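Computed from a predicted structure; not experimentally measured.
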Amino acid sequence: MSAHAAIPSVRQRARWLVSDSLVLARRNLEHVRQIPEKLLDVTLQPIMFVLLFVYVFGGVIDVPGGNYTEYLIGGILVQTIAFGMMGPGVSIANDLGEGMVDRVRSLPTSRSAYLVGHFIAEFAAATLGVAVLAATGFAVGWSIDSSVLDAAAGVGLLLLFAAAMICLGTLIGVIARSPDAVQGIAFMTVFPLTFLSNAFVPAEGLPDGLQQIAEWNPVSAVVAATRTLFGNPAATPADAAWPLQHPVLAGVGWSLLFLAVTAPLAIARFKQRTTE
């Protein structure tokens, strides 16, 4: 056999990458089967938030143009996805700290298979979280009042935002030196972004200064876009900032920007960590 024939083609390398990535994604999902508590952040936790806000706070929060339940679900969906970034960060920090990544890289696998498999598994968990939360919303009276195409676009935006949050969590995971550090960094990043937004109350109800921050908050844009695409009340005042006046464009733009920045940085830092 000639030297040229021994070099795998691009198609062969792509097949190997897909095959290896699926094996590693299955390995991550097997951990979930053995330890179901890993899915608490995308199953029971968001359900608790829905029940708490609908039945405890829903009666005292007024939403212009609709009821609070329809207003709330879009915010909870985005909040759940945003907090879900902790999962991929903790997972990859664990694997790096315990030497799992080194063992995988010592095998005849594609160089990028670990990160791709990691992303596939986390994306599957995020998709499950969206489905569980949507079902909970329907149970408490939420409805989708838009066209099929708009509703599909709303789901697509949520999944795009989920991909961006997974990459952000992965970046934190390869930067931090321990899972505990990941949780601290992720919490300090996501907590102000989600609660200083329009996820739970209209931004116009916030004090001056905080209102402007909330209106330019990326989470607010994604939440408003989700509500718009699902036909739910967005409660956007006429004098709101540009992102809330054009929420779909702003929400997609922010999500793509997060992806464009965090994915290359996560890959570069992962390569650096695994060659040190």
Side-chain angles (χ1 to χ4, degrees), residues 46 49-50 52-54 57-85 130 133-134 137 140-147 149-165 168 188-262:
F49 267 103
V50 170
L52 173 66
F53 278 89
V54 168
F57 301 120
V60 297
I61 299 178
D62 181 51
V63 176
N67 66 69
Y68 186 66
T69 299
E70 292 194 341
Y71 179 84
L72 172 69
I73 299 303
I76 295 288
L77 280 165
V78 176
Q79 183 225 32
T80 300
I81 291 172
F83 270 93
M85 65 181 283
V130 170
L133 191 48
V140 298
W142 176 61
S143 62
I144 296 177
D145 301 318
S146 61
S147 67
L149 288 178
D150 283 345
V155 174
L157 174 60
L158 289 172
L159 296 180
L160 175 63
F161 185 65
M165 290 298 99
L168 178 57
M188 293 299 295
T189 301
V190 176
F191 189 84
L193 282 176
T194 54
F195 284 93
L196 191 55
S197 71
N198 61 356
F200 303 107
V201 296
E204 63 178 333
L206 296 173
D208 193 42
L210 292 182
Q211 177 181 338
Q212 286 70 37
I213 294 175
E215 289 180 343
W216 286 94
N217 185 340
V219 170
S220 292
V222 178
V223 170
T226 301
R227 289 171 178 149
T228 299
L229 292 170
F230 287 155
N232 300 144
T236 302
D239 60 347
W242 184 89
L244 296 190
Q245 295 289 349
H246 307 84
V248 177
L249 182 60
V252 172
W254 276 117
S255 299
L256 291 175
L257 179 61
F258 275 127
L259 269 175
V261 172
T262 59

[X] [atom1] to [Y] [atom2] distance, which is reported to the nearest 0.5 Å:
X: Phe53; Y: Ile76; atom1: CZ; atom2: CD1; answer: 6.0 Å
X: Leu158; Y: Thr226; atom1: CG; atom2: OG1; answer: 4.0 Å
X: Met165; Y: Phe258; atom1: CE; atom2: CZ; answer: 5.0 Å

For this session: Provide the closest heavy-atom pair for Ile73 versus Gly137 in the form atom of the first, atom of the second, distance.
Result: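 Reported closest heavy-atom pair: CD1-CA, 3.9 Å.
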
For this session: Determine the minimum heavy-atom distance between Pro218 and Leu193, stating which atoms define it.
Result: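 Nearest pair, atom of Pro218 first, then Leu193: CD-CD2, 4.5 Å.
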
[X] side chain to [Y] backbone, donor-acceptor under 3.5 Å:
X: Ser143; Y: Asp145; answer: no
X: Gln245; Y: Ala238; answer: yes
X: Tyr68; Y: Val201; answer: no
X: Ser220; Y: Ala214; answer: yes
X: Asp150; Y: Gly231; answer: no

Exercise. With Tyr71, which of Asn232, Asn198, Val223 fulfils side-chain contact (heavy atoms from CB on, under 4.5 Å)?
Worked result: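 Single side-chain contact (heavy atoms from CB on, under 4.5 Å) partner of Tyr71 among Asn232, Asn198, Val223: Asn198.
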
Exercise. Would you call the rings of Phe49 and Phe200 parallel, tilted or perpendicular, where under 30° means parallel and over 60° means perpendicular?
Worked result: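 Rings of Phe49 and Phe200: parallel, as their planes differ by under 30°.
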
